[in-house]
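If you're wondering where the values come from, they're calculated on a predicted model, not measured in any experiment. Residues take their numbers from the sequence shown, with the count starting at 1.
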Amino acid sequence: MRHVSEPVRSLKLKLMLLPTIAGLLSLSIIVGYASGDLWPAKRLPMHRPRLIPGAPFSVVAAAINRDHDTPEADTTDVANDTDPLTNYKSAIHLLRQNYYGAVIDKKKTQQLTYEAIRGLLASLKDQFTSFLDPDEWSQMQATTKGDFEGIGALLLQEGSDVKVVRPIEGSPAEKAGVKADDIIVTVDGRQARGKNINDVVKFIKGKRGSKVNLGLLRGKTTLNLAIMRARVEPPIVRHWMEDDKNKIGHIVLSEFNEKSIEQMDVAFSDLERQGMKALVFDLRYNPGGLLETAIDVASVFIPADENRELQNTVVFIHEGTGQEKRMTLRPLEHTHKHVPMVVLVNDNSASASEIVSGAIKDYGVATLIGERTFGKGRVQTLYPLDDGSALRLTTALYFPPKHHDLNFKRDEDGNRIPGTGGIVPDIEMKQSPKWKSEDFSDKVNDTQLQKAVQFLRDRVNGLNVAQATQDVLKTH
């Protein structure tokens, strides 16, 4: 069993060009992708959920076409006990027999069924509970796996256009010359403008070794690029020495997936080789991922028995039954030196990011700088269905080690009320409006990073946490 977290739709939507992954998980639990993120491995011995069969069509037809001369019995109690699936099958039968319009064939019936499930779940007004069709489900699995076959680009829906956020480093898209902010106009001659991002992704996906031709709009210039699809492993972790003089390292973790810990070990080892004395750990714009990975990442930074009152707790999972599970720190294969650290967070740090930043704050092993996090403290369970689709259902809440509720408040329609819930940083710091989201190369306009580096310079040069905090605040 795998625990996953996934990004919500109110976060900036970014879709990797992912392949279909063969084989479905029997069960996945989500904490974070504040979408598809968003819990502990082998947590519950559950069997694969299946659709419950309703009455056969022969029974439905008999009920619909009964002799009208037959006296009708009192059906009040029967109606109350009717399996809802029987009504659904009756409705489909009536559409097939009587609807004047589109032919309700097998493909159309599947489409109607998917829309019916989406409508059913939407009525709950819970943006984390949703239906994933086979393409969406396979994309989520590939995202958490950490590699895929495709061209390797991050895309964003912007109005009626699908725009490139950036090509993945070393990917076929980057090698072919795809640039950030390119607008996808055509895919193999098919019109892409005006299309939904999911449709454009379907156009672009394909097997390794096959070609796809993209028509792009770059400013006022149009160009065509032929791109050979390949296996892509996105760099989930990026790192560099932010301040070589004071030996302040910088690690950016963009997602919690199966590759994260392996890539973090490489980053740590490289920075330690360079003599790292302090660290900026950047979780801004990280929408979440696997709970398993979140527990491992927290275990990198929080020493065992750091606070005996917290009993090595990373997170509590509180189920609807009232039962609560405590997830604790784990021993890791690789250990790293503990140095003064700042964790950068913002409004788009969600779910698994909040598990890690919440645990780090509760244990006091680092200073959080930035903005209040997203506030997703709800757990989702993924239930694969027999046709390759899946349900994502909210099934529990989670709490940081000190057991405070971080869920955002909702309005009457279930929408998030900004400024509620989340993890509040130790030093709250608004970002400069001049800084472009996730442009970590722009040091001049990254106010939050500047304050993090100032804080860590103070720490490296002998100031304690309180003194370094005051120094940052007085210059804000």
Side-chain angles (χ1 to χ4, degrees), residues 237 239 242 246-253 256 260-261 264-265 267-269 271-272 276-284 286 291 293-316 326-346 349 351-370 372-373 398-404 406 422-429 448-449 451-472:
V237 175
H239 75 282
E242 191 67 57
N246 292 281
K247 297 300 180 183
I248 299 172
H250 192 156
I251 293 178
V252 178
L253 177 62
F256 291 80
S260 299
I261 279 292
M264 280 190 65
D265 281 337
F268 257 109
S269 297
L271 291 172
E272 287 172 340
M276 179 175 64
K277 295 179 181 179
L279 174 66
V280 177
F281 182 48
D282 208 327
L283 289 176
R284 293 176 297 177
N286 184 319
L291 178 64
T293 304
I295 302 296
D296 287 341
V297 170
S299 300
V300 170
F301 298 119
I302 303 170
D305 301 320
E306 178 72 11
N307 183 331
R308 292 190 180 277
E309 290 183 2
L310 298 181
Q311 302 177 52
N312 290 328
T313 303
V314 175
V315 66
F316 291 98
R326 181 195 302 270
M327 309 304 300
T328 59
L329 297 169
R330 296 174 179 158
L332 299 175
E333 181 179 352
H334 301 286
T335 58
H336 300 283
K337 181 181 177 182
H338 293 282
V339 296
M341 182 170 74
V342 164
V343 179
L344 286 177
V345 293
N346 65 6
S349 304
S351 199
S353 291
E354 294 175 289
I355 287 177
V356 172
S357 57
I360 285 173
K361 182 179 180 181
D362 282 359
Y363 280 94
V365 296
T367 298
L368 270 61
I369 295 180
R372 182 192 294 262
T373 62
Y398 69 83
F399 300 99
K402 291 187 177 179
H403 214 285
H404 47 94
L406 57 81
I423 305 294
V424 178
D426 300 294
I427 301 174
E428 292 193 72
M429 191 69 55
Q448 293 166 341
L449 175 62
K451 295 303 180 181
V453 171
Q454 178 185 344
F455 179 92
L456 290 173
R457 283 173 182 157
D458 286 344
R459 295 285 286 119
V460 168
N461 290 301
L463 297 189
N464 62 31
V465 171
Q467 291 169 331
T469 299
Q470 286 303 311
D471 186 43
V472 168

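- In terms of heavy-atom proximity, Phe316 sits nearest to Pro401 at CE1-O, 3.4 Å.
- Between Phe256 and Val356, the closest side-chain pair of non-hydrogen atoms falls below 4.5 Å.
- Residues satisfying the salt bridge (Lys or Arg N to Asp or Glu O under 4.0 Å) criterion with Asp296, sequence neighbours excluded, are Arg330.
- Distance alone, capped at 3.5 Å, is enough to place a donor-acceptor pair between the Asn464 side chain and the Ala466 backbone.
- Between Phe301 and Phe281, the two ring planes are tilted [angle within 30° to 60°].
- Atom CD of Glu309 is separated from atom NZ of Lys402 by 8.5 Å, given to the nearest 0.5 angstrom.
- Between the side chain of Gln448 and the backbone N or O of Met429 there is at least one donor-acceptor pair closer than 3.5 Å.
- With rounding to the nearest 0.5 angstrom, the CE atom of Met341 is 11.0 Å from the CZ atom of Phe455.
- With Asn286 contributing its side chain and Leu253 its backbone, the two residues share a donor-acceptor pair below 3.5 Å.
- Arg372 meets the side-chain hydrogen bond (donor to acceptor under 3.5 Å, both in side chains) test with no other residue; sequence neighbours excluded.
- The one candidate from Val453, Leu449, Val342, Leu456 that meets the side chain to side chain contact (heavy atoms under 4.5 Å, CB included) condition with His250 is Leu449.
- Using a distance-only test at 3.5 Å, with no hydrogens or angles considered, a donor-acceptor pair links the side chain of Lys361 to the main chain of Val424.
- The salt bridge (Lys or Arg N to Asp or Glu O under 4.0 Å) test applied to Arg457 returns Asp243, not counting sequence neighbours.
- Taking both residues in full, the closest heavy atoms of Tyr363 and Gln311 are given as OH-C, 4.3 Å, listed atom of the first, atom of the second, then distance.
- For the residue pair Pro340 and Lys277, the shortest heavy atom distance occurs at CD-O, 3.3 Å.
- Distance check: Ile248 CD1 to Gln454 CD gives 10.5 Å after rounding to the nearest 0.5 Å.
- Residues Val314 and Ala359 come closest through the heavy atom pair O-CB, 3.9 Å.
- The two residues His239 and Ile251 have their closest heavy-atom pair at CB-CG1, 4.0 Å.
- No donor-acceptor distance shorter than 3.5 angstrom exists from the side chain of Thr328 to the backbone of Asn312, with no hydrogens or angles considered.
- Val460 has its side chain out of reach of Lys247: every pair of non-hydrogen atoms, C-beta onward, lies at least 4.5 Å apart.
- Summarising the geometry, atom CD belonging to Glu242 is positioned 10.5 Å from atom CG belonging to Leu271; distances are rounded to the nearest 0.5 Å.
- Residues Ile302 and Asn307 form no side-chain contact, since every pair of their non-hydrogen atoms from C-beta on lies 4.5 Å or further apart.
- In this structure a side-chain-to-backbone donor-acceptor pair under 3.5 Å is missing from Gln470 to Gln467.
- The closest side-chain heavy-atom distance from Ile423 to His404 is below 4.5 Å.
- For the atom pair Ile355 CD1 and Leu291 CG, the distance stands at 5.0 Å (nearest 0.5 Å).
- Side-chain contact between Glu306 and Val365 is present, with at least one heavy-atom pair separated by less than 4.5 Å.
- Remark: side-chain polar atoms of Glu272 are paired, donor with acceptor, to backbone N or O of Lys337 under 3.5 angstrom.
- Expressed to the nearest 0.5 Å, how far OG1 of Thr367 lies from CG of Leu344 amounts to 11.0 Å.
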Side chain to side chain contact (heavy atoms under 4.5 Å, CB included) between Ile369 and Val280, intermediate numbers included: CA-CA 10 Å; Ile369 295 180; Val280 177; over 6 Å; no
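- Closest of all the heavy-atom pairs between Asp265 and His336 is OD1-NE2, 3.0 Å.
- Side-chain contact between Thr373 and Leu406: absent, with no pair of heavy atoms (C-beta onward) separated by less than 4.5 Å.
- Two residues are said to be in side-chain contact when any heavy atoms from C-beta on lie closer than 4.5 Å; His334 and Ile261 fail this criterion.
- Looking at heavy atoms from C-beta onward, Val345 lies out of side-chain contact with Ser353 at the 4.5 angstrom threshold.
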